[in-house]
Amino acid sequence: MEWLNDFLPLSLERMGIWIGAICTVALYSILYRENPAYRLFEHLFIGLAAGYSLGPLVGDILYKYWYLPLTEGAWWWAFAVPFGMWLYFIYSEKYGWVSRIVIGVLIGASAGLFFQQFCSLYVPQIYASFKPIIPTGANEGLLASNAINNFIFIVVLLSVLTYFLFSFEQRGPVKRTAVLGRWMLMIALGAIFGNTLMARMALLVGRVYYLLHDWLMQI
Amino acid sequence: MQQQNIWTKLIRVDRRILYLILFLNIAVFLMFPFKMPATITSPARGLYDAVDSLQPNDLVMISSNWSASTMAENQPQLEAIIKHLIRKGARFTLVSNEAQSRDLSKRIAVGVTQSSDNAEYHTYGQKWAHLGFVTDLIAAIRGMGSNLSEAVKQDVEGTPIDQLPVLQGAKSLKDYKMVIDVTPSGTLPYWISYRPPNLIVGYAPTSVMAAEGFTYLDSKQLVGMITGLKGAHEYEQLMGETGLGHKFINAISFSHVLILLFIGLGNLAMIMARRAQGEA
Amino acid sequence: MSIQHAQDNWFVAILIAIISLFILFNIFRARKGRALYIRRIAGLDAIDDAIGRATEMGRPILLIPGMTAFGVIAMQSLNIFKYITRESARFATPMRFLTANPTVYTVAQETIQEAYQEAGRPELYEPDSIRFLSDRQFAFASGAAGLMQREKVAANFMFGEFFAESLIFAETGNMVGAIQIAGTVSTTQVPFFVAACDYTIIGEEFYATSAYLSREPVLLGSLVGQDWAKILFASLILFGSLVATFWGTDTPLLGVFGKAGGWDAFFKGEGQ
Amino acid sequence: MQLALDMSRDGATWMMAAIVVLAFLGMFGLVFLLQMLSTQGRRAIVVAVTFIAGLIFALEFFLPAQPVDGQDKNFLSDPTLQIQNFLQVVAGMALGLGTYGLLRLHLRNVVQKRAQWGYSASLLISLVVMGFLSIWHSLGEKNVEGQPLVATNETAEYIFSVLFNNMIVQMDAAMFSLIAFYIFSAAYRAFRIRSIEATILMATAMIVMIGIVPLGKAISEGIGLPAELPPEYAKEPFSLTAILYSLKLPTMADWILKTLNAPATRAIEFGVAVGGLATAIRLWLSMDRGLGV
């Protein structure tokens with residue numbers, strides 16, 4: 001019965017592992033059906049997570065980005081908190097519109113930042129799509145097979161782009177290209193699905209390993 | 001009334017039976033491991049070569065943004081990369097965009113550096129440091145790009161940035177050679193968009209994020225990538241090490257087979273049930 | 001190299017200017033009363049059916065923008081949810097709105113309330129039906145899954161940016177027999193929605209949704225401008241690939257179109 | 001409370017406290033002034049602040065910049081960084097609002113003893129306990145001139161770490177791994193030869209699924225396909241060995257990912273980029289009807 005002694009939550013470390021295992025099993029129970037154990041741990045989870053977020057809010061945001069600059073003499077930072085608190089007027093019928101000023105600033109900023117994202121993230125991909133599609137003398141070392149792949153690359157890219165045209169009726173060759181685009185889209189989605197599977201299985205493997213190795217000490 | 005033959009039953013199989021089969025499948029393969037070699041993919045080699053060509057004391061930023069839920073994938077990756085950096089004698093700093101990841105990645109870095117033969121890494125702050133948790137990654141990258149000590153202020157242990165031995169002579173991200181993003185979420189575009197231009201970018205995503213990585217590999221905005229647990233497994237093989245990656249790969253392989261099997265079975269059932277219906 | 005300012009390749013500024021012109025010009029045209037066409041988007045027509053079914057069954061509909069951070073995408077989701085809420089309010093079908101982002105939560109309070117007002121049923125608006133559960137991905141997912149199971153939602157609308165948790169929503173919804181319509185810009189999550197939902201709105205269709213549903217001239221005009229922009233993209237890629245084929249991929253001219261530093265390299269002969 | 005503690009350390013910071021109080025009074029006084037505006041005036045203000053906020057970031061990007069400390073900067077670069085930090089604080093206030101909403105809902109459940117109120121009570125208790133410990137922990141980590149900002153307590157730290165590492169972290173991982181089960185049931189149900197599209201989706205998924213695991217390589221080589229690309233590949237890309245090599249499951253999976261998935265994903269991204277840009281422009285110029293005043 002040595003195993004039982006090791007297994008039972010008789011030390012702080014074992015207790016921690018037991019807690020983790022109970023949490024895991026309780027949440028897994030939703031696979032069978034919704035039940036009181038799942039419900040309890042779901043509520044605990046949300047409560048703990050919501051409580052936890054307050055720490056970084058106070059310690060990292062309010063202290064680091066508000067209090068520290070203030071102590072360094074940047075007095076205008078004093079306005080950040082009351083300005084943010086204008087959001088709280090949202091519950092007031094009379095003053096509710098004031099919160100829209102804050103929301104407006106947030107919207108404006110995210111819209112303004114989008115320009116840089118657009119330019120640095122997406123525009124270079126236009127350049128990256130310039131591919132030689134026939135092996136000519138202009139590109140040294142370009143194999144016929146590479147050229148075929150490049151050609152397919154361009155065809156797929158353009159056909160999927162065609163599928164995403166909305167503002168006119170798709171007829172004739174455009175329609176056929178769009179259908180091809182839709183099929184290519186399905187290939188891409190299938191590939192993502194197949195490629196993702198591994199990550200998800202890895203997570204489950206990690207969890208099963210925790211249950212079997214850390215908790216039950218069987219492997 | 002058509003009798004419930006085996007095929008119609010199979011089509012409408014209770015999903016809980018599927019769940020149980022999957023669970024058992026993984027448990028069995030974890031309990032009885034055997035060895036299977038990995039194919040080295042070109043993105044993995046790209047990252048390995050990039051790290052391998054670092055000079056001693058080159059500075060590398062590791063952006064570690066994962067939490068316990070993707071531990072199975074990101075931990076083997078981070079461990080492999082840190083081991084490699086130590087082997088090259090490079091200096092490195094970590095930064096986290098996830099509060100939880102700060103503690104986790106520090107714990108792992110401490111573990112790996114402590115168990116290495118290179119004594120230089122045993123003291124925190126000497127060859128490596130953790131710069132802590134940043135809430136807004138865009139602001140942090142832009143800030144660190146112009147002035148490290150202003151943007152981060154202090155490291156995870158509260159030491160002011162300019163007093164850290166590891167960062168002597170480094171004023172901003174510009175003085176780094178490379179950034180490696182170990183991540184389960186969409187943080188890569190931010191590094192690509194807002195980093196100083198001289199920094200090369202390596203990527204260690206979970207398998208699911210890898211699909212997005214190919215676009216950047218193709219456009220050379222990424223120097224290399226290791227994909228999830230499989231990538232960590234490849235990286236371990238390139239380094240000639242054996243780590244956690246080896247243990248998990250079989251259970252995963254055969255869960256894939258199981259799913260393929262059931263997709264086949266489901267289709268067979270559908271065809272047979274249709275045929276039976278046609279006959280009736 | 002990356003593009004941090006427009007000067008890293010002035011082409012980006014020109015491109016943005018052209019696309020903005022396309023969009024603004026077409027919005028202007030649409031406002032002048034020009035009728036604009038929009039192709040059918042399967043799935044969006046099903047929204048009304050889904051609401052109708054929820055009404056018949058007397059069960060709530062569920063709106064999830066997921067983990068969408070506050071910004072351009074979130075505003076688009078809220079626009080779509082506003083439409084759905086307005087329709088459901090007409091039949092007094094209860095709704096739940098679950099978000100993992102506190103700022104989205106704040107703005108949603110306003111938007112949803114407005115939707116009820118526009119539907120002429122302001123008395124039906126209930127602040128508690130809009131819920132912020134947690135900003136933690138899987139705490140949020142556990143809460144959403146629990147709520148779906150307990151309230152047996154009849155229709156499940158997921159619009160916004162999604163991450164791994166997408167399948168938890170979609171499979172749980174499938175389990176309780178909800179009609180599910182999802183729309184997302186997160187390419188990596190589309191396959192899971194396709195597998196588990198009745199209809200899936202993919203990529204830019206997400207941005208076309210509000211135009212499709214509301215048929216507002218501004219949105220329709222904008223959509224035409226977006227089409228012009230895509231045609232411009234396609235033409236550039238074709239042109240660039242031909243140049244790459246016959247003059248080589250290293251031709252400096254190609255760098256102008258999006259390579260950081262490519263503009264100066266071509267026009268000033270720098271950086272070569 | 002924390003603020004007051006620090007104040008006593010340094011008398012000069014009384015000044016700061018005064019500034020903060022003034023800022024609060026000023027900002028809330030401003031609300032009453034703004035309240036006097038007509039509906040049109042209110043709308044104009046919202047439109048204007050939205051436009052200005054966007055303009056600052058847009059100009060920072062579009063205006064020429066000069067290298068400063070190795071980083072290209074213009075006169076707006078540093079201010080935009082400050083503004084982003086400022087907006088983080090503002091967005092942080094929204095978290096307060098979200099937490100308040102959560103508290104209100106569950107407090108009401110408990111007070112009115114609604115059905116299942118026990119669960120709400122457990123949520124409230126865990127929220128309050130964890131919130132308190134988390135703030136304590138977070139402030140205890142910070143230090144000022146070598147002194148911790150707040151004295152930490154060992155027991156409290158221990159409870160915090162149990163709640164965090166043994167509960168939150170474990171439940172995160174448990175929920176995340178549930179997806180593996182769901183992916184199985186979804187694939188089983190959805191991947192059927194029903195239509196051309198469904199079949200394409202299924203076939204690609206199956207090839208990639210098996211091609212990316214080591215087993216795919218083992219199977220392909222088991223049926224006699226070559227392990228390596230022949231060295232003369234560059235000269236004869238269509239030799240028999242090369243063709244056989246390309247029939248291997250890992251090669252096919254890789255080819256699908258690079259030659260079919262990558263351009264399709266890129267096309268989706270282009271669409272998303274253009275759609276996002278259009279939405280950004282409309283929001284910036286307040287052209288969307290979504291948020292009128």
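Residue numbers begin at 1 in each chain, while the letters A, B, ... track the order of the sequences. Source: prediction; values computed, not measured.
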In terms of heavy-atom proximity below 4.5 Å to chain A, should [X] be classed as side chain, backbone, both, or neither?
{"X": "Y216(B)", "value": "side chain"}
{"X": "L20(B)", "value": "neither"}
{"X": "S255(B)", "value": "side chain"}
{"X": "K230(B)", "value": "both"}

Quiz question: by atom type and distance under 3.5 Å, do the side chains of S193(B) and S120(A) form a donor-acceptor pair?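 There is such a pair between these side chains.
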
Under the 6.0 Å and 45° cation-pi test, does R207(A) pair with Y210(A)?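 Relative to the ring axis of Y210(A), which defines the angle, R207(A) lies inside both limits.
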
Just so I understand: if I count every heavy-atom pair under 4.5 Å between each of L211(A), L121(A), L68(A), L204(A) and chain B, which residue has the most?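 Sorted descending by pairs with chain B, the first entry is L121(A).
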
Heavy-atom pair count under 4.5 Å with chain B, highest-scoring of I61(A), L113(A), L197(A), I192(A):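 Going by pairs under 4.5 Å, I would pick L197(A).
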
If you count heavy-atom pairs under 4.5 Å between each of A210(B), G228(B), P184(B), P189(B) and chain A, which one has the most?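 Result: the option with the highest number of such pairs is P189(B).
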
Contact class of F118(A) relative to chain B, heavy atoms under 4.5 angstrom: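 Neither part.
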
Heavy-atom cut-off 4.5 Å, strictly under: side chain, backbone, both or neither for Y65(A) against chain B?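 The side chain, not the backbone.
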
Test side-chain contact (heavy atoms from CB on, under 4.5 Å) applied to S53(A) - qualifying residues, sequence neighbours left out: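 Listed in chain order: D135(C), L95(D).
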
Are W76(A) and F79(A) near enough that their ring centres are under 6.0 Å apart?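 They do not qualify: ring centres at least 6.0 Å apart.
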
Are Y163(A) and W183(A) an aromatic pair by the rule of ring centers under 6.0 Å?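 So the answer is no for these two rings.
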
Evaluate the criterion salt bridge (charged side-chain N to carboxylate O under 4.0 Å, His left out) for residue pair E72(A) and K153(B); output intermediate values, then yes/no. CA-CA 13 Å; E72(A) 284 155 13; K153(B) 298 194 167 61; 5.3 Å; no

So, taking the atom named CD1 in I19(A) and the one named CZ in R14(A), what distance separates them when rounded to the nearest 0.5 Å?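 Rounded to the nearest 0.5 Å, the CD1-CZ separation comes to 12.0 Å.
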
